4 protein chains.
Amino acid sequence: MARPKSEDKRNAILAAATRVFADEGLAAATARIAKQAGVADGTLFTYFSSKDELLNQLYLQLKAELREVMMADYPRDAALEARVRHVWQRYVAWGAANAHKRKTMAQLGMSERVSAESRAQGSAGFADITALQAEGLGTGPLCDVQPTYFGALMGALADVTMEFMAREPASADRYRDAGFAVFWNGITTKT
Amino acid sequence: MARPKSEDKRNAILAAATRVFADEGLAAATARIAKQAGVADGTLFTYFSSKDELLNQLYLQLKAELREVMMADYPRDAALEARVRHVWQRYVAWGAANAHKRKTMAQLGMSERVSAESRAQGSAGFADITALQAEGLGTGPLCDVQPTYFGALMGALADVTMEFMAREPASADRYRDAGFAVFWNGITTKT
Amino acid sequence: MARPKSEDKRNAILAAATRVFADEGLAAATARIAKQAGVADGTLFTYFSSKDELLNQLYLQLKAELREVMMADYPRDAALEARVRHVWQRYVAWGAANAHKRKTMAQLGMSERVSAESRAQGSAGFADITALQAEGLGTGPLCDVQPTYFGALMGALADVTMEFMAREPASADRYRDAGFAVFWNGITTKT
Amino acid sequence: MARPKSEDKRNAILAAATRVFADEGLAAATARIAKQAGVADGTLFTYFSSKDELLNQLYLQLKAELREVMMADYPRDAALEARVRHVWQRYVAWGAANAHKRKTMAQLGMSERVSAESRAQGSAGFADITALQAEGLGTGPLCDVQPTYFGALMGALADVTMEFMAREPASADRYRDAGFAVFWNGITTKT
DNA sequence: AATGAATGAGAATTCATTCAT
DNA sequence: AATGAATGAATTCTCATTCAT
């Protein structure tokens, strides 16, 4: 090995891909990504064996980043609502602040080019969140469905919410809070 | 007119496109669609001037179909909850029964190839639904956000729900009802 | 024969072809010509069995028209110069007044799609002109080359001249006369 | 640089294009040119961004070559006639010896796909020739028309002449000299 | 005869991937 | 490892021509 693969270059490619995919869709040419990343066309393929591989790795990276963001400072001992709110706020703030990443993530989430394996692996780290469901929602609407439904629901609500936040930045906070209210009211039982 | 343009052929192409796009994504080749529709490659372009045109027309058709499905037998005079439930049930049943259409619709909804104009036109018929928000939710979480947020929220929840229904058909009804409960609880104020 | 082929339609197609080819080149679609002519796409092919056939017929028609123009009022008994001048003036005036025809003619003249047979037939009527060479140029530069060279030379000079006349209409007469002077001086011997 | 863009390949493509265009017209497929040049279909587009670009570059190359041929050994201090004759002989000899180039050049000259800019650039090097007009022709037929008319006239006469030379090689020299005589007599004043 | 929809063989590009340097 | 030229399969769209009406 004359030169070891550079972590910097790998990251540059992933960052460029995030931007380019957000702007042009997943059909964007790898050459465009390479140029944006400041590497040669061929170099992209020494870091990612194929475009599909790049797509999957990018998916995993974004998922991992999102997880970190959501879990940083997680108030493990707070009340259920506080913890759910924490996760929601972080998620939504991240999406609002990182439009590229959010858009690309949304596209990757829908693409058949992201493998089932990547999806499984990408969801793995969200155990804590999935666990929230089991905890206090035993008598709520979600009492007898798959725990993953909980996460999917939150993701869907958050996506819509972020979309509106991006569209009307002046009302961003209102959407953030309305979204949370809908979510929280929705999953808990009325008394 | 020598041979009038055949409505059947147009529909065959749209139906084929729905299937092919669901299976292969919007990047699927027009040639594949033509073959599936039983027409020559070139014929597709006598009905749709370009692939983008096909995409937009398909979007409009699916939206129109969905609207009809949701609005058939609409209990205009029933209580708010009954009406919202009606819409939800129809939506979700349609999606569960028409996986192709649902998947393609989801992709079209995200694609930048569907024009703003098509989106506007496609949403036009959903006024009744958007109006639901104004009606009884004056004090709920959605009291001071755009009315379109209501529809987007419902769409997002329904999509997730249909996805799980398709994945676990045995529990389809459970998801359908859980989804509605989350939605209804979410948008109404707890007392 | 339910309806006899209409000479009008045939002429409309030829006229449309002249305009369209002048504007878009010989690669123009037959459908465009049909539309311009006010007939259906297929109708063009009942008058001309193929696009090549149309090209060849158009070539012949334009050649014939040009011949008529040049030969009308031909001063058969005038001096050589007067006759050559007559031909030149008519040619050049026709080209200046019929830009479409001139341009299309120029393209047809260069196209390999116009058959040798059409060329032969198209040139047939120009015997009088070719004959001019034999007459008085026995001692000039053209004394021992093919007589057709004479006609080709005049055509080439006239084409260039018409091009400049079209480009600078204000100086049209100047070019017309300069062109003739060059031609006449060129083919006659200096004394 | 990994593999520098090869000047050889670029030239092979231009040479192939010259041959193919001469044989089949400018409508010839780029794939045919690529095959003739011994490169892959796509390679043509790494050297020329589009077919139009190829057409324009080819035009410029042929013009440049023609200029070099005409200007090599130019007898700058000889009499006017000697200089005009030099140019004529070189032009005509080049065309007779390079039928492909001559035919393709003629087609490019007429094509609306060659831009005004290319034409301007292509003509730039012919200043010496255009200058010939000003010099001794002040009292001839061309005394009060655009100087470019001079060059166009020579080009037209030379084209016709080369055509006949190609058609009757045995009389090539006769046509060459007859053509020059017509040209020279034509542009100079009779005394 | 007239119409214009239907056909399918190309045409010019594009692009993921390979490979010589 | 890095580069970017080379590759050729695949794609969208065009168009001369045919043929059902």
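The structure presented is a predicted model; accordingly, all values stated were derived computationally and were not measured.
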Just to be sure I understand: a Watson-Crick pair is purine N1 to pyrimidine N3 plus N6-O4 or O6-N4, both under 3.5 Å. Using that and G-U wobbles, which stems of three or more pairs involve DNA chain F? E:2-21 with F:2-21
Earlier contact from the 5' end, DNA chain F, for D:Gly42 and B:Arg113: D:Gly42
First encountered from the 5' end of DNA chain F, between B:Asp41 and A:Asp41: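 First, find each residue's nearest nucleotide; the 5'-ward one identifies A:Asp41.
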Would you kindly give the CD-to-P distance between D:Glu7 and F:dA6, to the nearest whole Å?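 From D:Glu7 CD to F:dA6 P: 12 Å.
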Whole Å only: how far is the CZ atom of B:Arg3 from the P atom of F:dT18? 14 Å
Applying side-chain hydrogen bond (donor to acceptor under 3.5 Å, both in side chains), name anything that partners [X], two or more places apart in sequence or on another chain.
| X | value |
| --- | --- |
| B:Arg19 | B:Gln36 |
| A:Asp41 | none |
| C:Ser118 | C:Asn56, C:Ser115 |
| D:Gln57 | D:Glu53 |

Side chains of D:Val20 and D:Asp23, heavy atoms from C-beta outward: is any pair under 4.5 Å?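 No; the side chains remain at least 4.5 Å from each other.
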Does a side-chain heavy-atom distance below 4.5 Å link B:Lys63 with B:Arg119?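 No, too far: nothing below the 4.5 Å cut-off.
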Counterpart residues, salt bridge (Lys or Arg N to Asp or Glu O under 4.0 Å), relative to B:Glu24 (two or more places apart):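 For B:Glu24, the residues satisfying salt bridge (Lys or Arg N to Asp or Glu O under 4.0 Å) (neighbours in sequence not counted) are B:Arg32.
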Using the test salt bridge (Lys or Arg N to Asp or Glu O under 4.0 Å), find all partners of D:Glu65 that sit at least two apart in sequence or belong to another chain. D:Lys101
According to side-chain contact (heavy atoms from CB on, under 4.5 Å), who are the partners of D:Glu7, at least two apart in sequence or on a separate chain?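 Applying side-chain contact (heavy atoms from CB on, under 4.5 Å) to D:Glu7 gives D:Arg10, D:Asn11.
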Quick one: list whatever passes side-chain contact (heavy atoms from CB on, under 4.5 Å) with C:Ser123, sequence neighbours left out.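 With sequence neighbours excluded, C:Ser123 shows a side-chain contact (heavy atoms from CB on, under 4.5 Å) to no residue whatsoever.
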Close residues, residues 10-39 of chain D, relative to DNA chain F [heavy-atom separation under 4.0 Å]: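 The stretch gives D:Val39 as the residues lying under 4.0 Å from the strand, ordered by number.
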Tell me which residues in residues 43-59 of chain B put a heavy atom below 4.0 Å from DNA chain F, sorted by number, or none. B:Phe45, B:Ser50, B:Lys51
Side-chain atoms of residues 103-114 of chain C: list all donor-acceptor pairs with protein atoms under 3.5 Å, sequence neighbours left out, distances to 0.1 Å.
residue  : atom : partner  : partner atom : Å
C:Thr104 : OG1  : C:Thr18  : O            : 2.8
C:Thr104 : OG1  : C:Ala22  : N            : 3.2
C:Thr104 : OG1  : C:His100 : O            : 3.1
C:Gln107 : NE2  : C:Phe21  : O            : 3.0
C:Ser111 : OG   : C:Arg113 : N            : 2.9
C:Arg113 : NE   : C:Asp52  : OD1          : 2.8
C:Arg113 : NH2  : C:Asp52  : OD1          : 2.8

Among F:dT7, F:dA5, F:dG4, which nucleotide sits nearest the side chain of D:Ala40? F:dT7
